[in-house]
Amino acid sequence: MKSYHRLIFLLGLLLIFGVAGCSSEETVTNVGKLEFEQALKIPELLEPTIESDGTKHFTLAMKPGTTEFLPGKETDTWGINGSYLGPTIRVSRGDKVSFDVANQLGETSTLHWHGMMLPPAMDGGPHQMIEDGETWSPHWTIDQPSATTWYHPHLHGKTAQHVYRGLAGMFIIDDEDSEKLPSNYGVDDIPLIVQDKLFTSDGQFSEDDDTPYGTLGDEILVNGTYDPFLEVTASQVRFRLLNGSNARAYNFGFTDGRSFQLVANDAGLLNEPVTLDRFMLSPGERAEIVVEFEPGEETVLRSYSGGAGIQSGEFDLLKVVAASELTESSPISEQLSSVPPIEVPEDAKVRQFKLTMENEINDKLMDMYRIDEVVPAGAKEIWEIHNFGPEHNFHIHDAAFRVLDINDKEPNDYERGRKDTVFVPAGAKVRLAVEFGNHTDLNYPLMYHCHLLKHEDEGMMGQFLLVEPGTESQVPTELPKDDTEHQHNEH
Ligand code: C2O
Ligand code: CU
Ligand code: CU
């Protein structure tokens, strides 16, 4: 009797919660409420110092501050070298880079380089903790095609909060191909970090994450700017879009219905541009588009409702105003990336990952000491993501992939290039051709996880080691627990 009652009660709760969730979600919008009065902030390009061996050395400090988003209201925020978000880092393939990442937050954090191919000890995931007052100094050589990547904290259990408070920034990698596109930062090459926020009545960030997906905001910040506009001065402008939100997905388009060229997915340029008028990014995903402007015209970048859950709501993001005289840019090349699409060998290893209702992967929650997969360095494998729950997405560290199919059908035309994060619709099966990094490490695992940050924090994450090919079976599947130093990276 007792358990019967409990079941009815739970079903009732589910129904009420579900219905309330849907009806409030469907009506969330800021359309018609904005004036587009604040000039879009462009994160500064961080200048490196050049060391004697040519290494570009960057200094970052994570710290609390306050930021005025809503006119007249100061919001408590976190930032990197500033009060909200961080500077843009821009380097070229082949560059040696090093960082000093100082933690002045008053609590432990990490800084992860999302989309970067690098030695696992430099990855900045949950194992490279930076204690309050400490400085972490990773270094590596940039060795991957041009891409729009990003950085953000990755402390297990705290990622959602740390990112939401403002710790994130863009990390741009150039190569000879990327220079075929508009590349004048802040002029015709514009970063757009899109984040939804919930504000309390006194203008503070509300960390209310009471939806199955985590925090879903009803206001939008672009590069930390509320109510933004941008004046462009070139006839072709490249926008680098990063969904830096905790949970919300955006279905981007322009209110005048114009089309544009998609030129890059998360992990690099497309081989050829694709003409589109809409595309979707779930949390952690990036895309680059090139948009043509006529002198004097105006349009609004909007996110259209793409369905329920994280795709619900309609939001104006940015008004773009073209100056009355525009610098003529040359038409963009039909040949962008010279990197061939990722292919796997006939006998490629296939791994399966089951995403569940309970936010588990293969029926397990994240365990910092458990190694879930052992992957030969440089391997090309097929990873099958089968979602038995509601919407999730899937990101792999130190890897790039191509989406082979979604429910046995071709992926959408905006997600056919090199990627590192993919949206996984409710109930869907997504197959990926994955290319892994070349650096081996037996002590520091890499992560794969749902990039809906509440899910990730709740344990929707697994760990893999990259090892010398042929040694997979000799690798222990547990990390040593007594080794407290293990949690700290060498300095
Ligand atoms: Cu953007 Cu494992 O993260
Ligand atoms: Cu990552
Ligand atoms: Cu998820």
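Numbering of ligands and ligand atoms starts at 1, following listing order. This structure is a prediction, so every number in the text was calculated from the model and none was measured.
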Quiz question: by atom type and distance under 3.5 Å, do the side chains of [X] and [Y] form a donor-acceptor pair?
{"X": "T108", "Y": "E131", "value": "yes"}
{"X": "S245", "Y": "Y250", "value": "yes"}
{"X": "N103", "Y": "S109", "value": "no"}
{"X": "Q463", "Y": "Y444", "value": "no"}
{"X": "H392", "Y": "H455", "value": "yes"}
{"X": "S282", "Y": "N243", "value": "no"}
{"X": "W383", "Y": "E381", "value": "yes"}
{"X": "D420", "Y": "H114", "value": "yes"}

Closer than 2.8 Å to the Cu ion (ligand 2), which protein N, O or S atoms? H112 NE2, H395 NE2

Hey, which N, O or S atom on H455 ends up closest to the Cu ion (ligand 3)?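 Result: ND1.
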
Closest to the Cu ion (ligand 3), which N/O/S atom of H392 is it? ND1

If you compare all heavy atoms of Q204 against all heavy atoms of D76, which two are closest, and at what distance to 0.1 Å?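 The pair with the smallest heavy-atom distance is OE1-N, 2.9 Å.
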
Sphere of radius 2.8 Å around atom 2 (Cu) of ligand 1 - protein N, O or S atoms inside: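 Per the 2.8 Å query on atom 2 (Cu) of ligand 1, atoms found are H154 NE2, H397 NE2, H449 NE2.
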
A side-chain contact here means heavy atoms from C-beta on lying under 4.5 Å apart; do E360 and M460 qualify?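 The answer is no, as the side chains (C-beta and beyond) never meet within the 4.5 Å cut-off.
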
